[in-house]
Amino acid sequence: MVHEVERPTYEVVGDLQRFDERDTVFAREAYLPGTPEEEEYHTRHPELVDIDRRLARFIQEKIDNPPEVPEDPLNEAFYEATFGSVAALAQPDSVDGPVNSYQVRADPAEMSGRIKAIARRLGAYLVRIGPLHPAWVYTHRGVRPFFEDYRANPPLFTGVPEDYQGLSYSDPIEIKHQYAISMAFPQDHHLISTSPSLLSHFELGRAYAESALASVELGKYIRSLGWPARAHHLRNYGVLLVPVAVDAGMGELARSGHLLTKELGLNFRLSCVTTDLPLAEDKPVDLGVQDFCDKCLKCAETCPAGAIPRGEKLEVRGVKKWQIEPEKCLLYWGSQGSACAICQVSCPWSKPRTLFHRLVAEIATRVPQARRFLVKADDLIYGAEYKPVPWPDWAR
Ligand code: SF4
Ligand code: SF4
């Protein structure tokens, strides 16, 4: 297939090291001072105490002073509708479970075609199958709702079931599946372009919820065929979804730290199912993203937090990549009271899939000499600065 190559375009420069989910900013923002998780983590990482106190302040304030009446009840309810619902799908027996004793056997290529068709019926716009590299499996479980004394974070994430069981913070993670099925779910370009806002938060939460349900359904389908399968989604990850999707050829790792795809740019959410069901693997792709991001700094220039690097790639756990500063990003989210997706929508590749933009994406992937011009043209046509668009009437 066009753009397919033998090796992914990220440069391996040392031993690949696994990542600990306890080191993500989404774990660290929940290390409330004095909790067992916080004390254990900061004994190992005293250098992070100050920044983590700043990250935790937003959650702490909401726990200490839960608002009796929401400031914007009509739109704050979006949180519970999307992120709250997904929490129920994080249960261990939702993402994983018993495997049927009768094992269906089929030609791997035919089975891959069937699995992709089902994933699309479940809502995935893009689906690719790749190997599961052991380096992309988290070492330990880190993020909520796996804290022993998990407390709700009003108005966010109150939907964790009371009987949540079976998985704990700091559990080692071992996933030895052979294959990973990566799925991408588009976000509405207009709604995301209101970012940072409760409305864009709703839209990204909606895409997360759709992706989570599809991964749970696909995992159950494969286990019913008699093969082990585990869903990975927003509220229960066992693997790093971006490098897994890069290995499957869904796109490339971009300057912004996201997966960049030819079809959707950065404007989507991912989920994944890992499995031992024999499947035919797709190859990785070279879309020219490394060269394009070298010439384009739009995400770095539009990021209000200065979290995306303008300079060179760095070596990170054995891979050379542009390394964002996630603490700056999350502090900005906290200051806005909602997630931000400005980098996702300002990327020149993230345009709606009109005939014109498909043609531009073709040129960007096939004609390296055109890339600098395309970066300039994007600034001229859409503006070099990010400006949120007005909310649609139904949401006002
Ligand atoms: S989400 Fe917003 S703050 Fe975070 S890196 Fe992207 S543009 Fe910057
Ligand atoms: S905005 Fe430009 S630099 Fe950033 S990810 Fe998109 S193409 Fe790469």
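Quick note: residue numbers are just sequence positions, from 1. Small disclaimer: the values here were computed from a predicted structure and weren't measured. Counting starts at 1 for both ligands and their atoms, following the listed order.
- For ligand 2 and Ala254, the ligand atoms under 4.0 Å from any heavy atom of the residue are 5 (S).
- Each of the following atoms of ligand 2 lies closer than 4.0 Å to a heavy atom of Trp349: 7 (S).
- Residue pairs meeting the ring pair (Phe, Tyr, Trp, His ring centres under 6.0 Å) criterion with at least one partner in residues 213-233, sequence neighbours excluded, do not occur; the list is empty.
- With respect to the salt-bridge test (charged N to carboxylate O, under 4.0 angstrom), the residues Glu385 and Lys387 do not qualify.
- Between Asp393 and Arg396 there is a salt bridge, since at least one side-chain N of the basic residue sits less than 4.0 Å from a carboxylate O of the acidic one.
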* Asked: What do the steps show when you test His201 against Ser338 for side chain to side chain donor-acceptor pair (under 3.5 Å), and what is the final call?
  -> CA-CA 6 Å; His201 204 138; Ser338 82; 4.5 Å; no
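- Those atoms of ligand 2 that come under 4.0 Å of a heavy atom in Phe292, given as number and element, are 7 (S).
- With no hydrogens or angles considered, no side-chain donor-acceptor pair links Tyr138 and Asp23 at under 3.5 Å.
- Ion pairing between Lys295 and Asp291 holds under the 4.0 Å rule for side-chain N and carboxylate O.
- At a threshold of 4.5 Å between non-hydrogen side-chain atoms, the residues Leu191 and Pro392 count as touching.
- For ligand 2, the atoms lying closer than 4.0 Å to a non-hydrogen atom of Cys347 are 1 (S), 6 (Fe), 7 (S).
- For atom 8 (Fe) of ligand 2, the nearest non-hydrogen atom of the protein is Cys293 SG, 2.3 Å.
- Atoms of ligand 2 lying under 4.0 Å from any heavy atom of Arg255, numbered from 1 in the order shown and given with element: 3 (S).
- The closest protein non-hydrogen atom to atom 1 (S) of ligand 2 is Cys299 N, 3.3 Å.
- Taking a cutoff of 4.0 Å between a charged side-chain nitrogen and a carboxylate oxygen, Arg206 and Glu210 qualify as a salt bridge.
- Listed by chain and residue number, Glu47 satisfy the side-chain hydrogen bond (donor to acceptor under 3.5 Å, both in side chains) test with His45 (two or more places apart in sequence, or in another chain).
- Residue contacts with ligand 2, taken as heavy atom pairs separated by less than 4.0 Å, involve Cys296 via backbone and side-chain atoms alike.
- With sequence neighbours left out, the side-chain hydrogen bond (donor to acceptor under 3.5 Å, both in side chains) criterion links His42 to Glu38, Asp52.
- Taking a cut-off of 2.8 Å, the protein N, O or S atoms nearer than that to atom 2 (Fe) of ligand 1 are Cys340 SG.
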